[in-house]
Structure formats: C-alpha cells, structure tokens
Amino acid sequence: MSIGVALTSTLVPSGVQVQASGTVPLQNYFTVDSGGDQGKKMPLYDGTIEKYNGFYYVAGTGTTGNLYKSKDMVHWEGHTRFISTDPATLPPFAPNDLTFPRYGASDFLFHNGVMFYGFNSSNLIHGNPATMSTDHPDFRHSFWDKQYDRGIDLQFFIAPNGDQLYLRKLNPGESDPNVGGAALGRPGVWLWNVKSFFNELGNPDRGLGKELLFTSPGYWSNLNHFNFEGPELYYRNGQYYLLYASNQMDPRSGLYDTGIAQSDDYNTFNNSKNLPNKLLGRNIERLLLKYTPILPTAEFGSQTYTFTYDKPGDGWQNIDFDTASWKTGNGGFGYPIYTVAPARVPSIYTTWGSSDTPENLWTRRTFTLTSVPDTVVLRHRLEGYGKLYINGQEVVSQQGIQPGYAMVEVPKGILKTGTNVIAATMSRTGPQVLADYHLDFGLYDTKGEPVEADIVGPSQPNIIEGPNGFETWITYKAFWDGVNGQGKDRVYFWGDEMVVDGPTSSTSSGVHFDASAPSFEDRFNNESSLKNYMHVPADTRIHEGVLSINSRQGQKQMLLKEGALSNYYLESNIRFDDSKGLAGVTVWYRNDANQIQLQIDRERRKYVITTILNGQASTQEAELPYTYQFLHEDPRAADFGEQFHTLKVYKNGSKLFAELDHYKLNNDLPVMENALLNKPGKVGLVCQNSVCSIDNVSLTSGWSESGNQINNWSSPWTLTGQGLTSSAAGPSLNVKGDALSEYEFSANVSTDTLPATGKAGIIVEYIDENNYVAAFTNFETRQFELYKVVNGQSELIQSASTARDTIYGHNNYDPANYNLNCGGTATPACDIGQREYMYKLRAPAEVSRANILWTAGEFKYLKTTFLLPNVTSSNFGFDSWNKDTGPGLLLDLHTMATVRRASTRPPHSIRT
C-alpha cells in the first residue's frame, strides 16, 4: 500500500510526515532499565540530553556527575560517573559555589570532536567523545583559575548557516555584559555569536551579547515573580523557536511553565515574538475540562472548611461526628503563604504551620451525592505529618514533604449516596521540622476518564530528534503527584507552530506512543551484521562493535539488502582512521551504472556528490560550513584524536538534504535535486582512499516536508509556501509513499473557511483509486469518519464527533494598562484597564462554549489585586458575531466571570 492525502474540499496541508512506527505506550517518566539502578526512577531533573554515535546521554541536576545512556530513548542504562564531585578534584573557586558539584541545569553538545558540558553557575567541562560509552568517560574541567561565565541555564547551538551561538540566562543582579555599569535589574535570555565554545566571559572571540527576551509584567509568563530562564533554541524549516521557563519555580506556587517565542532569524527575537499559548503547562486546567468537581480544591478560590486546633474525641473522622464546637472558615491551610516573596501559594487562605500557630490541625468537609460516580479521584496536598479519611476510612497517610498536589483514586465502596465526609489531620510534629506546611483537598468525578497524575512545573526544556530521525521530542523537569523527575513528550508542528503533546503521565488519556525505532538499524555487534549487506568488500571486518572498511586504494561500497525506497532517513556514523580520504553513503542505487553517492572529504573539508547515470560520472561539491572542524583546534582537546561524525541524509522524492553532526549542509536547502531520485533506489556505505570506521547505521522509510519542499505527490495540486492546495470543488485524491505495513502519518489540513459541506482528510491505506481506506472530517455532519472503499463502493467503518476542548492563551498585554507604582489602588490613573484579550484560533472553527479560569487575588509582583467580575451584570456572556459583522467575541472583563452563550459563526479570533 501507499499513503496519501485525499480531499474533497479546498485545503492547505502545510506539513506531511510519515514513518515506520512502533506501538509501545509512552513511558513518560525516565526510569532505569539495567545496571545497579534497575527499576528505579532516574534521579535526574533539570537535565540535558544529547545523541552521539547511536546513543542518547542524559545528565543534570540530581545525577551529580553521573550520566545515563540509551540506544532508543526508551530503555536507559546507568549510571556511569563522568566527572568527580570530590572537593580535591574541583577548581579552587568551586567551594564558593554550592551548586558547582551538582553539575546541574546543564547542556551537552558534541561539537568539532569535543563533548561540551556546561552547567550552573555557569561553568564548563569537556570530554573525549570516544570514551562516552565506556565505564570511565574522560571529562576535564575547562577552566581551573576562573569561572567560564556568570548567570545560569546555558545552551550551545549551531545555526543552519554555521554560526556558533551561546545562550544563557542573565540574572537581574548582573550588569550589561557588553558595557558593564549598574545592574540591569531584570532577568532575560542573552545570546553571543562565538568563535569557540571554549570562549569564556571576557574573551574577545565571544563577541558582543544580545538580549533576546526578558521578563515583562502582565504576560502569563511573568505573573508572580521576577524570573525568566531555561532558554532552549531550536531550528526547523526556516523558523527559530526559543523556549523558556518563567514565573516562580517552586511547584507550590503552581505557575512555573514553559513558553515559546518564534522568529525567522535568531537575531530578531524580542518580546513581541512571544506566542500567546504556553508550550508546556501544568495539567490541572486540562483535567478540569474532563473531570466534574464534587468538592473543589482551594487552588482557584477559597473553600469552606470546618476545623479545630483542639484534639477532638474519637470518631472525629466519621460522618455523624458532632462538630458544633468547631470553627468554620476559609481553606486551604498552610505556611508560609509565599514560596519566595512575592510569589504566593494560591491555595492558602488560613495561615497554619508557623511556629506561632497551633501544633495540630483537624479539618472536615461534608458533601452530598445523589449517586456514586464510577470513578472518583481525591486531589490533595498534605505537607506535614498526618492522615486523610473518607467516611471514616483512611485513604492517605502523609509523612513529610509534598510540594505538589497528588491524585488518588477513591477505593470502591467508600462513597455512598447521601451525606459523605472527608476529614484530614495535619501536624507540625514529626521526624524533622519542615520549611512548608499545607492542607487542602478536593474530590472529582472523572466522567469515565483515567485517573491522571497531577503534573506541575514542566520546565527547563530540551529538544531532541528521536531514533528514527523523523520524530521530535521535548524533555523537561516537572513534578508528578508531588515527586520531581524528568519526563519527555512528543513535539508536533501545526504549520510552523510548535505544539507539545503533553505534559503526560503513564495514565494520561489518549494515544501516546513512545519513541519509535528505525525501520532498520545495525550496531555491528558481531560478524553476523554483514549478512544485512550485499557487495561486501573482501577485507571488510567488524572489530569491537565497529565496521572497518580498508579502502586506501580507490573506493569500496556495500549496499543494504533492504528494499529500494523513494523516501527515507539514513544515518551513519563515520570516522576517518587515517585522517584523510572520503567516507559517506550511497543515497540512490539502481545498478552500477546508475547510482548517486554523498561523501565527506576529510582533507578538503567538502561534501562531494557523485552521480553516475548510464555509466557516465559527474561530480558536484561544496565547502562544509565555515565553523565545522573534524578535530578541535583548542589545545585542551589536542589528545582526543579522530572521532565519529554523524552523517544524516533525508531523501524526499527528488530532493536530498544532509546534515553532518549538528550542521545543516547547504544552509538547510537541498544539497541535490534530481528527478531521477523520485524512483526508488537502494542505499549503502562508501569509503574511498582511507580506512573508514562506520558505526550505528539506521534507516527509516518515510518523509517529512512542508511548504515549497513538498514534492512527488501523484496529483498536480498547486504548490505554494503554505503547502499543497487542491482544486476548489469536486473530489480530488493525492497519494505518495513506499509500501509500509506500519507507519505514522500526520498532516496539517486547513480550509480557507469552515465549509458547510465537503470532506477533507488522509488516506490511511491505498491500493488504487477504487480500493483504499480514508479518514475524513465530514464538514456537513461535523464528524470524523473512517471509510473503506472496495471496488469503488464506500462503507463507513466508524465515526466520532469533531468537538474537542482546546486551551488557548493570550499575549496582547498593553503596558499602558499596568502602572506598577500604584500598589493596586483603584484610582483612575492606576486602573489596570486591561479589558480586551485576543485569542487567536489556529484554524477556522465553530466555538460552542468557552470556559474561563480567572486570575484572582493579590499579586504583589504586579502590585495589583485581581477581582472577580460581577456575574450579575447584564453584559454577562459573549457577544455573538460572524465573519461579516465583527472580528471576535467581545467580553467585558470587569463584568464577566464565565461564558454562557455560544458564537454563531466560526471566528478566527476571540476578543474578550
């Protein structure tokens, strides 16, 4: 079969992706699968990830100089110590920095024959990449007498044109790195274009710094604290994405999330490039869309508790206990009320837990059920020493720290129709005095959805490509049910917008597959690997897990026996053992007289493409990126020797793209375009005039394309910078691809308007135009429909509603509406004035309902207090509109609290 897109309505699929796919459910949490830590949660959080020669490596805060490795980004081995924490081995200035031996908040990068590892605050070590997978990686302190830099959260990055970029957070107490002087007084993301990643602070080769983003009150990302950190720069298809973490980082404050800015040039980032939505945010809002509250927690407003500080009599946790002598007041309870001033713990309404408050607290909340839901989840944060009961039965025992909420399924048979009670006691008396105490709980009907972990604080992101070359992943730190760790989720692109399928837990609803393996991979563990190839040269051997081709005299190649492909991703790791010659891959092979090879010329620093057609050879070549080196020139790496370099080739029909290590060849444009490449061909390995070592070869059938790079589809649709556009009316079928038994296929499909009739979707299995399976959006029925067509006759297999909940954010902050010197007073000059918010929808849509969670209470950082609107106002509700009468749905923030009325037509934006 082949795979394609089928449409019966005008559309623009702006990106199409397909590849072989596994069906392993996503294990979000990083756990260890072998070695001394087998079965344990990896201690990593706020870490970094890098792939080198077929292995993924992670390290960071919590691993204290140890690293873990994985072949597939699913199963992790470890740990292995790569740098010592022994004070006797640390630089003389290290004792002045308590964060130094943690080696945390870090970034790994293989670059020009060196493995760089930067960490707080900010320091640098470097290692010999050849030792990474051994029991004793060789890493060294890059600076002995001084720090590498100031600030925290650094990143090393290679731009498509070869620029070497260094980023980090600038702390508010730092002066301008270029001119010095007084402290800037604001945290932000700064960037330097450097000649070497060894260039330390003050080195003239580092160049001038540039501020890209900085803290700006009024955005969601700066509500409760003076913070802006964790920069992660990523590039894809002509767009730069700058990820960051913001708000106060303590999970108790609940607002530390990941945002994103986007630009077509890394030099043009500024706050206006911030996108309105959080890229990765806590999951409580998503859960509230799925679950129905029975008893809300105090996270979004105070809740009524019955409580006492005096020890009650026996049975205080039972339904019929007399609480006439108890107090009634607002909860939750806790201390301190600020994590780090002025960031408030939003669920504390009664102070308890300080040394001048009672030692013990008993609380109760009663509620009535007319029927008992199938699945009920208890949401709680109990920090201290105590227990929680439901209808007299113990459900939770808490002993110590719990910085985030936790979700616990209520055992069957505990709840009943009629009156129920949740009772909890908390004490400051325990094995140790805690810095924080807290008590708050709630109860929710899951409405048939799974019981998910509470996830808060997803931040400090890293972006990495998956093992099959097509998937993109984000790793991040977070708290799952109050326990910190490192997680990962899939990244997708809707047009050129980055979207994360997360944060998730192992029980999150929906379909979430783990990282997919390549269609084929060879790690050359033994001589049996040679059976995978044809035309194997006589003197080729496998030694210590590496393929060695001796081709000092002329050229030798060996071809994979795998079938011929039109579209694929091929990865090969090559090493020039003689420090000369050429090595690379055969990218298209029909026979000896018709083939194309792409090789890297070690001595001349060029990539060379040799095309043989009908026995006639021609060659094209180009310089490698201007900053690329096979061996680093810095004397600190002089003894490292030749290393493996990763050559990646993407073949999409007639277009060939290539990368070498982290460098895009030809500035991310095709290195070759040839119509002959549309025909399927075999792939292979090539070595010329050298002894070449080759390791960890992988191949995945598929393609990834967008915009003008889309090609080789069966029907002549219009191609623009936005993708493919079908005819305006009538059926139109378009297919592409190699035969596959398993695959993943995603396409961004858009219509100019939301049509009343017609269908648009994808072909999921194709034999010919009279025999295929298709998944459509039916615009008339508002249903997703799965059809099969057999001998020209169609039959509906299954359907589902197109309605879904989507969380949107806003970023149209007007600084004139916030006077931060007014202290939140209500005089006209100090009126916050922010009455309109624009919510930009990703595509034409019909909005049937809007739920709004309001920011309420005191926000000292903004020097204001947000008041809930007047829900009795006659203006309560959205104004209906359509494309002919207005730009959006208007909502008066001073008089609105929730939305009751639906729009009548699909808006492109909602203005509130």
Side-chain angles (χ1 to χ4, degrees), residues 284 287-288 291-334 345-350 352-353 358 360-400 402 404-427 437-447 449 451-454 481-482:
I284 179 59
L287 295 181
L288 289 177
Y291 298 171
T292 297
I294 299 172
L295 278 179
T297 64
E299 296 165 274
F300 299 100
S302 63
Q303 300 298 319
T304 300
Y305 278 78
T306 302
F307 65 97
T308 183
Y309 301 121
D310 301 320
K311 184 176 181 180
D314 293 343
W316 66 273
Q317 66 271 48
N318 295 329
I319 295 173
D320 56 358
F321 185 80
D322 183 3
T323 59
S325 63
W326 289 33
K327 303 175 187 294
T328 298
N330 292 330
F333 304 82
V345 180
S347 52
I348 296 178
Y349 288 87
T350 296
W352 172 82
N360 303 296
L361 170 68
W362 290 262
T363 66
R364 288 167 57 99
R365 296 178 71 186
T366 59
F367 57 98
T368 301
L369 292 175
T370 57
S371 63
V372 178
D374 290 336
T375 304
V376 178
V377 61
L378 170 73
R379 179 176 176 83
H380 70 87
R381 187 161 87 79
L382 307 177
E383 192 155 18
Y385 305 94
K387 295 183 178 183
L388 182 145
Y389 305 84
I390 300 179
N391 290 343
Q393 297 190 42
E394 182 182 321
V395 177
V396 176
S397 177
Q398 178 63 32
Q399 296 294 310
Q402 186 186 328
Y405 281 79
M407 308 289 274
V408 177
E409 183 175 350
V410 178
K412 303 293 185 183
I414 291 183
L415 296 172
K416 63 185 185 67
T417 57
T419 302
N420 295 262
V421 65
I422 303 179
T425 179
M426 192 57 53
S427 176
Y437 293 92
H438 189 269
L439 185 153
D440 182 41
F441 54 81
L443 206 64
Y444 298 84
D445 176 1
T446 69
K447 307 298 289 184
E449 295 288 334
V451 176
E452 294 192 39
D454 176 73
D481 281 343

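Values below: all heavy atoms of this structure, side chains included; hydrogens, waters and symmetry mates excluded.
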Can you give me the closest heavy-atom contact between [X] and [Y], atom names plus distance?
X      : Y      : result
Pro358 : Tyr309 : CG-CG, 3.5 Å
Gln398 : Leu382 : CG-O, 2.8 Å
Ala423 : Arg364 : CB-CG, 3.9 Å
Ser397 : Glu394 : CB-OE2, 3.6 Å
Phe321 : Asp314 : CE1-O, 3.8 Å
Ser427 : Tyr437 : O-CE2, 4.0 Å

Say you draw a straight line from [atom1] of [X] to [atom2] of [Y]; how long is it, rounded to the nearest 0.5 Å?
X      : Y      : atom1 : atom2 : value
Phe307 : Lys327 : CZ    : NZ    : 6.0 Å
Leu378 : Leu415 : CG    : CG    : 10.0 Å
Ile319 : Ile422 : CD1   : CD1   : 11.0 Å
Glu409 : Glu452 : CD    : CD    : 13.0 Å
Arg381 : Ser347 : CZ    : OG    : 5.5 Å

Mutual orientation of the aromatic rings belonging to Tyr444 and Tyr291 [parallel < 30°, tilted 30-60°, perpendicular > 60°] = tilted
Would you indicate whether the side-chain heavy atoms of [Y] and [X] approach each other to under 4.5 Å?
X      : Y      : value
Val395 : His380 : no
Asn360 : Lys311 : no
Arg379 : Asp454 : yes
Met426 : Phe333 : no
Trp316 : Thr308 : no
Ile294 : Asn420 : no
Val408 : Leu388 : no
Phe441 : Val396 : no

With side chain to side chain contact (heavy atoms under 4.5 Å, CB included) as the test, would you mind laying out the steps for Thr323 and Trp362 before giving the verdict?
-> CA-CA 11 Å; Thr323 59; Trp362 290 262; over 6 Å; no
Have Tyr389 and Asn318 got a donor and an acceptor in their side chains that come within less than 3.5 Å?
-> no
Going by atom types alone, do Asn330 and Thr350 pair a side-chain donor with an acceptor below 3.5 Å?
-> no
Between Thr425 (side chain) and Leu361 (backbone), is there a donor-acceptor pair under 3.5 Å?
-> yes
Measure from the side-chain N and O atoms of Asn391 to the backbone N and O of Ile414, and report whether any donor-acceptor pair falls under 3.5 Å.
-> yes
Just do the side chain to side chain contact (heavy atoms under 4.5 Å, CB included) check on Trp326 and Thr363 with the steps written out, would you?
-> CA-CA 9 Å; Trp326 289 33; Thr363 66; 5.7 Å; no
Show your working on side chain to side chain contact (heavy atoms under 4.5 Å, CB included) between Tyr405 and Ile284 and close with a plain yes or no.
-> CA-CA 10 Å; Tyr405 281 79; Ile284 179 59; over 6 Å; no
Whether over 12 other heavy atoms sit under 6.0 Å from Lys416 NZ | yes
